[in-house]
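Below is one structure, written out as structure tokens, with a few remarks after it.
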Number of protein chains: 2
Amino acid sequence: MKPTPVYQRIADDLRQAVADGTYPPGSKLPTENVLTERYETSRATVRQGLGVLVNEGLVEPRRPQGYFVIEHKRLVYRPQAEFRRRPPAVDIFTNLVAEYDGRAPSQDIEVSIVEPTQMVRDRLGLEAGELVAARRRVRKLDGTAYNLNDSHVRLSLVQGTDWMTPADVARGTNAVLAELGHEIVYALHEFYLRMPSPQEAQRLNLGAGVPIAEHYATGFDADETPIQVTVSIVPGDRHVIVFDSYRDRENSDQPRIPWGAP
Amino acid sequence: MKPTPVYQRIADDLRQAVADGTYPPGSKLPTENVLTERYETSRATVRQGLGVLVNEGLVEPRRPQGYFVIEHKRLVYRPQAEFRRRPPAVDIFTNLVAEYDGRAPSQDIEVSIVEPTQMVRDRLGLEAGELVAARRRVRKLDGTAYNLNDSHVRLSLVQGTDWMTPADVARGTNAVLAELGHEIVYALHEFYLRMPSPQEAQRLNLGAGVPIAEHYATGFDADETPIQVTVSIVPGDRHVIVFDSYRDRENSDQPRIPWGAP
DNA sequence: GCCAACGCATTGTCTAGTCAATCTAGATGA
DNA sequence: TCATCTAGATTGACTAGACAATGCGTTGGC
């Protein structure tokens, strides 16, 4: 039997203590120096142990106050919401339907013409070199970013239309697409889970150990032509991803994924 | 302007090199000693930098060979599949429909009677103390666990039925529930993203930096009574979560979430 | 009473090592 | 030839420090 490493024991002990309520959410853990004495080891080893918990997203260090147990509060992320007859209570977020705790939602919109990524190209069925219009939104709550949301459409489809207005479009951008003869009637959603890049972590103010979901929503019109691809970055600690399905409204076909999953 | 820490620079440089193809998936990074010399620093600092990339799930250490860039291959995780008329190609997995790359799927099933967690209790609308039947499945590909899948039903509903058979039920457990007068016609899916606990990481053989989704699928019968709650642990690096939605088949109501999100 | 300066506890970054554990590949021996 | 042993390279765990950066609370000046 191999003895478990000291740093592992420290992490395990503290994790257990957090789980059983010894350290409730928001409370302070013992300092590195205290743990160094308690476990009769060096500070580097204690830091290694605490690092495990930080990377699990369980605690966060606040310099120079100590380590604190993280408190979680999640919003509902509901990609199907835009297909609902009754719009959600707060319509500035098409995807977020939830208790905002009285925090003020807002969003920054930026429209540009870009070369699409391979993922977007595959989903829109574009030739290499073809350009797309990108509508980038940063959704905020009380001024801090809550998620990133980039919609892409063939440039030829929306050039000169309201879709490219870098501000709220009252009737919704989907209504604009419908007016252009491409109402979105079907959407395929894909979620890729991963850790954020440092840039993403910074933009979204993510603590260490917080995973994200990269959400690709591909919208098809009645002709089954892909019209719009929306790429969202959804921080895992701030959302629950929710959707539902009905048995009597099933679709008759095999899953159709025209592109290969990476 | 603050200078960026050395360990940060090491992580950034290597991340960039991985991104631009200098180190393609599967290839070997420079060793710690090489990096120590290259950056004229100490080995601990180099390790700190490499640790960043490991926690991002970008590289993995293989002792004593070095650090390697991780290769990703994902299966399609498709919770809606069980509502499809045509069963998926491989029916041993109700949720996984995908290219298995010739790997052999299998599952271990274990049935027991347990006290439900708070999450399950909330979703099934149980009183404190009420017991549930739990059907635990470990789904495997070529012998290694691919995801964990625990279904829960009121004990009084399924005691003595085929639902509690600790083996494959040919007609499916949902058919058993239907025979009992509780066909599941509606399902609500919730995904909570987080880092795995060490136990989960070990059971699923997860590398550092691999997030998971905790998937709660609550099945309702025609009376809108919650019948079954299935909790799945879905490793983020091995799956894409996929579902779709149709405009002309929308549901008429506001999102209904009878319990509070934690 | 109010505000600024300062002390100080705490985490962040880093050095320069030691010894252990593990797998590969080459050398050795039957 | 084939199996076995061994040496070496590499990461894992850890020690014992140093100095920097940060923000909170207290103290002192006005």
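Please read these numbers as outputs of a predicted model, since none were measured by experiment. Naming: A, B, ... by sequence-line order, numbering from 1 per chain.
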Let's see if you can work this out: which of D:dT11, C:dT11, D:dA16 has an atom nearest to the side-chain heavy atoms of A:Ser42?
D:dA16

Between B:Gln65 and D:dT11, does any side-chain N or O lie under 4.0 Å from OP1 or OP2?
no

What nucleotide, of C:dT10, D:dT10, C:dT11, holds the atom closest to the side chain of A:Arg47?
C:dT11

More 5' along DNA chain D: B:Gly66 or A:Thr41, using each one's nearest nucleotide?
B:Gly66

Between A:Ile10 (CD1) and D:dC14 (C1'), how many Å, whole number?
11 Å

Between C1' on D:dT11 and CG on B:Leu53, what's the gap in Å once rounded to a whole number?
16 Å

Does a nitrogen or oxygen in the side chain of A:Thr45 sit under 4.0 Å from OP1 or OP2 of D:dT15?
yes

Stepwise, does the ring-ring contact (aromatic ring centres under 6.0 Å, His included) test hold for B:Phe191 with A:His239?
CA-CA 9 Å; B:Phe191 289 87; A:His239 297 91; over 10 Å; no

Rounded distance in Å - CZ (A:Arg9) to C1' (D:dC14):
14 Å

Check every atom of D:dT15, D:dA13, C:dC14 against the side chain of A:Pro5 and return the nucleotide holding the closest atom.
D:dA13

Taking atom CD as the centre, does B:Gln202 end up with more than 12 heavy-atom neighbours from other residues, nucleotides or ligands that are less than 6.0 angstrom away?
no

Any idea which of D:dC14, C:dT13, C:dT11 is nearest the A:Asn33 side chain?
C:dT11

B:Tyr7 has an atom OH; how far is it from atom C1' of C:dT11, in whole Å?
12 Å

Measure the distance from CG on B:Leu50 to C1' on D:dA13 and round it to the nearest whole Å.
16 Å

If you check every side-chain atom of B:Arg43, which of D:dT11, D:dC14, C:dT11 has the closest atom?
D:dT11

Here's a test of your reading of the structure: between A:Ala44 and B:Arg63, which maps to the more 5' nucleotide of DNA chain D?
B:Arg63

Could you state the CD-C1' distance from A:Glu32 to D:dA21, rounded to the nearest angstrom?
14 Å

Closest to side chain of B:Tyr67, choosing from D:dA20, D:dA18, D:dG12
D:dG12

Between C:dT11, C:dC23, C:dT13, spot the one nearest the side chain of B:Pro64, thanks.
C:dC23

Could you give the CZ-to-C1' distance, from A:Arg62 to C:dT11, as a whole number of Å?
13 Å

From CZ of A:Phe68 over to P of D:dC24, roughly how many Å is that when rounded to an integer?
10 Å

Checking C:dT11, D:dT11, D:dG23 against the side chain of A:Pro61 (C-beta onward), the nearest is C:dT11

Cation over ring, B:Arg9 on B:Tyr39, under 6.0 Å and within 45°?
no

Counting neighbours of CD on B:Gln8 that are heavy atoms of other residues, nucleotides or ligands and sit closer than 6.0 Å, is the number greater than 12?
yes

Crowded around A:Arg62 CZ? As in, over 12 foreign heavy atoms under 6.0 Å?
yes

